[in-house]
Protein chains: 2
Amino acid sequence: MNHSKKYSSDCGLNKVQKMVGGKWKLSLLWYISEETRRFGEIKRVFPDITQSMLTKQLRELESDGLLHRKIYKEVPPRVEYSLTKLGQRFVPILHSMSEWGESNLE
Amino acid sequence: MNHSKKYSSDCGLNKVQKMVGGKWKLSLLWYISEETRRFGEIKRVFPDITQSMLTKQLRELESDGLLHRKIYKEVPPRVEYSLTKLGQRFVPILHSMSEWGESNLE
DNA sequence: GAACATACTATCAAAAATAATACTAATGTG
DNA sequence: CACATTAGTATTATTTTTGATAGTATGTTC
């Protein structure tokens, strides 16, 4: 890795930032990491996020490979979100961030 | 911590997100964690960040307690940025994010 | 056959983040 | 006195992110 690339937008750090930088993404990952969650469940736990925004962020997390989205062919619809392997490998980082936040900030 | 607060904007995770969520902040922290850096040095290493944005982000990191800003009473001016204790405690998280990014993303 | 439930989608508006550009202050040097 | 140097500020765009609101599809239940 040359010097000009070390701090560029290609570096691991910036990729991570782009993937989980959204306003709600860390919390969503955390919540889904606890167990598989249905869309409506998530919506109820995060009442401040609008439905369209929730859909958008979940889909982005999915296309970034962090979440798996399982659609049941039922009516009314049923969609479950869970962490992928990649997402699971991110969970320890979530935990250290949370802990750092809780224990260091007022 | 009650359930309504667990995923609220008060939780550690969201505080962290607000503090380091800026487009350049993770990289800036990383660069400054390596050693104390002068403003102009940072500017040269991150040519894509405008000067006003750089100032803004560094000041935010300072007021969030992650960076220390040392002003030398000289002309031309000399300002050095370094990590605070709090910032230093964040460095391991930076490393794990970087590693996760490097090793898991194409 | 009307209402219900769920997970959406589509538009448009508002707010927040970032960028572009130009300007400033102060002093040592030639 | 003009000029270079450094770390800024100020102002105005532009872009990106987020929010508000309304509408859709469809099998099941009443």
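Keep in mind the model is a prediction, meaning the values are calculated, not measured. Chain naming here is simple, since letters A, B, ... match the order of the sequence lines and numbering starts at 1 in each.
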So, are B:K43 and B:E41 salt-bridged, with charged N and O less than 4.0 Å apart?
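No, no charged N to carboxylate O under 4.0 Å.
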Without decimals, in angstroms, what is the distance between A:F39 CZ and C:dT6 C1'?
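One finds 9 Å between C1' of C:dT6 and CZ of A:F39, rounded.
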Using side-chain heavy atoms (C-beta onward) and a distance below 4.5 Å, is B:L94 in contact with B:V20?
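In short, these two side chains do not touch, never coming nearer than 4.5 Å.
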Can you find a pair of side-chain heavy atoms, one from A:F90 and one from A:I93, that are under 4.5 Å apart?
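Counting from C-beta outward, A:F90 and A:I93 do come under 4.5 Å.
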Mind running a 4.0 Å heavy-atom check of residues 54-66 of chain A against DNA chain D and sending the residues that fall below it, in number order?
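The stretch gives A:K56, A:Q57 as the residues lying under 4.0 Å from the strand, ordered by number.
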Any side-chain to backbone donor/acceptor pair from A:T84 onto A:L66? Under 3.5 Å, distance only.
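Pair found, side chain donor or acceptor close to backbone of A:L66.
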Ignoring hydrogens and angles, tell me if any N or O in the side chain of B:T36 forms a donor-acceptor pair with the backbone of B:I32 under 3.5 Å.
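No; judged by distance alone, with no hydrogens or angles, the pair does not exist.
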Can you tell me if B:R38 touches the phosphate of D:dA7, counting only side-chain N or O atoms and a distance under 4.0 Å to OP1 or OP2?
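Yes, within the criterion.
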Which residues satisfy the side-chain contact (heavy atoms from CB on, under 4.5 Å) test with B:K25, sequence neighbours excluded?
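Listed in chain order: B:Q57, B:E60, B:L61.
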Need one value for B:R44: base, sugar-phosphate or nothing, where a base atom within 4.0 Å counts as base even if backbone is also close, heavy atoms only.
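If one applies the 4.0 Å heavy-atom cut-off, B:R44 turns out to touch nothing in the nucleic acid.
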Using a 4.0 Å heavy-atom cut-off, does A:Y72 contact any base of the nucleic acid, only the sugar-phosphate backbone, or nothing at all?
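Nothing: the residue A:Y72, judged by heavy atoms under 4.0 Å, touches no strand.
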Listed pairs under 3.5 Å, donor-acceptor, residues 74-81 of chain A side chains, sequence neighbours left out:
{"unit_1": "A:R78", "atom_1": "NH2", "unit_2": "A:E80", "atom_2": "OE2", "d": "3.1"}
{"unit_1": "A:E80", "atom_1": "OE1", "unit_2": "A:Y72", "atom_2": "OH", "d": "3.0"}
{"unit_1": "A:Y81", "atom_1": "OH", "unit_2": "A:R69", "atom_2": "NE", "d": "3.2"}

Short heteroatom pairs, N/O only, protein and nucleotides 19-21 of chain C, under 3.5 Å:
{"unit_1": "C:dA19", "atom_1": "OP1", "unit_2": "B:K23", "atom_2": "NZ", "d": "2.8"}
{"unit_1": "C:dA19", "atom_1": "OP2", "unit_2": "B:W24", "atom_2": "NE1", "d": "3.3"}
{"unit_1": "C:dA20", "atom_1": "N6", "unit_2": "B:S52", "atom_2": "OG", "d": "3.3"}

Would you tabulate the nitrogen or oxygen pairs shorter than 3.5 Å linking the protein to nucleotides 25-30 of chain C?
none

Applying ring pair (Phe, Tyr, Trp, His ring centres under 6.0 Å), name anything that partners B:W24, two or more places apart in sequence or on another chain.
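B:W24 satisfies ring pair (Phe, Tyr, Trp, His ring centres under 6.0 Å) with no residue once adjacent residues are dropped.
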